[in-house]
Amino acid sequence: MAPSLNETLRALPAVEAVLNTTELLPFAQRLPHSVVADAARNAVAHVRQEILAGNTPETSAESIARLAAASLAYASKPNLRPVVNATGVVIHTNIGRSILAEEAVKAVVDVAENYSTLEYSTQDMARGSRHSHCEELLCALTGAEAAIAVNNNAAAVMMVLAEFARGREAVISRGELIEIGGSFRIPDIMDYSNAHMREVGTTNKTHLSDYERAITPETALLLKVHTSNYRLIGFTESVSIKELKKLADQNNAQSENQILVYEDLGSGVLLNAYPFDAEAEPTVAHSVKEGADLVSFSGDKLLGGPQAGIIVGSKKHIDRLKKNPLARALRLDKMTLAALEATLRLYLDPERALERIPTLRMLHMSAENARAEAQALAEAIGKAVPASCGTLEVIDETARAGGGSLPMHDIPSAAVRLTFAQGNAQGCETFLIQECDAPILARIKKEALLFDARTLKRNQHEYIASSLARYFETL
Ligand SMILES: *Cc1c(COP(=O)(O)O)cnc(C)c1O
């Protein structure tokens, strides 16, 4: 006769018995007793619930200990941890946008492990300014007179509007009232900074005369926003910074009220190089040269550095920003400053920047090189995964810049396509994300899994191969 429910429940091992298994021994050695005991107790309770729900779980002390061990292993894994990016999207906002150059990583570690010259000037042997570390580099790279870096570009926009347009008017084209990544909408930022938005023109066309008519004694600035993540094509017209500057100058010559021209560029392109030139992603230097009084951009988009918002422009305006209370609230920490300085330093030699800054290297990589990388990945997978599991091919694919940059630009790339003879693409995708220490993000296309080689590092090929082998072993 089968045992009754009560008998089954009574036969469950005691928490003590679960704790004494070899499964939990390694955890008992490195974690506090209470933590391991809680895990064992929860595992017993879980099995009890299963039985009460009419299921027939394994009830040996060892199998319950394995449940506890799994939950302990899961709990001890950091939440924020590395991801392997096989998506072909270079600046992927969900997984941290840009990865840093080795030089930048080293700079971060150096200032994290040691006291630093964060706000100390060795020249004056006295207190210095944290704004000084990147300013000269930014000026050299953009042609601007002065610069300041804050937490991110959203913060930069907010600070410029708050300092120069609070309680006054900022004129902006209706074609540039954009939303970027959900929480950043130009009209909302304006509202929050107490700048009154004066919309001009239409969605597709805005003329210089539209700005001209909007100017009043209340006008504080003419704002131009780079429509980073979308492009208006067809019957369109917008006004260049050069024309806006001319308009502002004409006004400023005749009026007490001095109007500023400010461009929010979004992606900070510092180099004239493929693929930026192909898609007319304007450089910061270009915007400065055209006459923008202030230009702001992100540190971790096309620039390829840490999260930051950089503002460059004329000294008298940047000086005002440095004194704004938001400059203190939104300031960068030493680790970000170190990463930013080291990244900018690489730009002094453009060839070196293209080689050493991962975002630039990945965007710049030729289709042939991407194909060679994909070939190497296919070989690594072929060695680890038996041929009976599925088919491997190297195919042409299209990679993307991402991060709202170069939205119209398809980057010819190459990927490994895995078609499944055992298991399936969905199951494998879930395994690679949920069962691997560093989740592997790939793409599913027509029942196959695609690994774009462009966004991978060579030393990740083995890891992908062994993780796939583990997936097929679980089937
Ligand atoms: C990305 C972007 C922002 C926001 O920058 P964050 O660095 O993400 O805060 C603002 N404006 C434009 C035009 C952008 O492209």
Side-chain angles (χ1 to χ4, degrees), residues 89-100 134 138 147-162 165 170 172-193 195 197 206 221-232 238 240-241 244 261-270 276 279-284 286-288 292 294-313 321 326-327 329-333 336-337 339-340 343-344 359 363 400-409:
V89 180
V90 178
I91 307 165
H92 196 313
T93 297
N94 297 159
I95 54 177
R97 288 198 183 157
S98 286
I99 57 175
L100 295 178
C134 296
L138 284 165
I148 180 174
V150 291
N151 182 62
N152 58 9
N153 191 32
V157 177
M158 177 105 92
M159 196 162 108
V160 171
L161 292 175
I172 180 169
S173 159
R174 290 198 169 87
E176 297 171 6
L177 287 174
I178 54 168
E179 168 173 318
I180 291 151
S183 54
F184 182 86
R185 287 178 150 192
I186 293 289
D188 296 344
I189 297 266
M190 287 244 189
D191 238 20
Y192 203 76
S193 333
M197 184 166 73
T206 304
L221 53 86
L222 307 180
L223 168 60
K224 191 167 171 60
V225 179
H226 184 55
T227 55
S228 301
N229 51 4
Y230 85 117
R231 287 289 184 273
L232 275 175
S238 65
S240 70
I241 285 288
L244 291 180
V261 175
Y262 164 42
E263 180 161 37
D264 169 18
L265 258 189
S267 305
V269 175
L270 296 181
F276 316 126
E279 296 297 324
E281 193 73 45
T283 62
V284 180
H286 178 78
S287 185
V288 170
L294 293 167
V295 183
S296 72
F297 50 97
S298 295
D300 55 356
K301 291 184 181 171
L302 291 173
L303 195 151
Q307 177 189 306
I310 298 161
I311 311 168
V312 302
L321 288 172
L326 284 175
L330 303 170
R331 74 185 187 182
L332 289 180
D333 77 299
T336 305
L337 276 169
L340 185 60
T343 306
L344 293 171
T359 295
L363 287 170
R400 293 253 159 214
S405 308
L406 303 166
M408 301 294 284
H409 190 53

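Every number for a ligand or one of its atoms is a count from 1 in the order of the listing.
- For ligand 1, one of its N or O atoms has an N or O atom of Ser298 under 3.5 Å away.
- Below 3.5 Å of separation, one finds an N or O of Ala154 facing an N or O of ligand 1.
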Practice task
Report the C-alpha separation of Asn153 and Ser296 in whole Å, then their side-chain angles, then the decisive distance to 0.1 Å, and conclude whether the side-chain contact (heavy atoms from CB on, under 4.5 Å) test is met.
Solution key: CA-CA 7 Å; Asn153 191 32; Ser296 72; 3.1 Å; yes
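- Remark: ligand 1 atoms within the under-4.0 Å shell around heavy atoms of Phe184 are 10 (C), 11 (N).
- Heavy-atom proximity to His226, at under 4.0 Å, picks out these atoms of ligand 1: 13 (C).
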Handout entry: Verdict with reasoning, Glu263 to Leu294, per side-chain contact (heavy atoms from CB on, under 4.5 Å)
Key = CA-CA 6 Å; Glu263 180 161 37; Leu294 293 167; over 6 Å; no
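- Side-chain atoms of Leu344 and Leu270, non-hydrogen and from C-beta on, do get closer than 4.5 Å to each other.
- For Arg97, the heavy-atom gap to ligand 1 drops under 4.0 angstrom.
- The shortest heavy-atom distance from Lys301 to ligand 1 is under 4.0 Å.
- Heavy atoms of Asp264 approach ligand 1 to within less than 4.0 angstrom.
- If you take CD1 on Ile186 and OG on Ser173, they are separated by 11.5 Å, rounding to the nearest 0.5 Å.
- In this structure, NE2 in His286 is found 9.5 Å from CG in Leu265, a value given to the nearest 0.5 Å.
- Distance check: Ile148 CD1 to Cys134 SG gives 11.0 Å after rounding to the nearest 0.5 Å.
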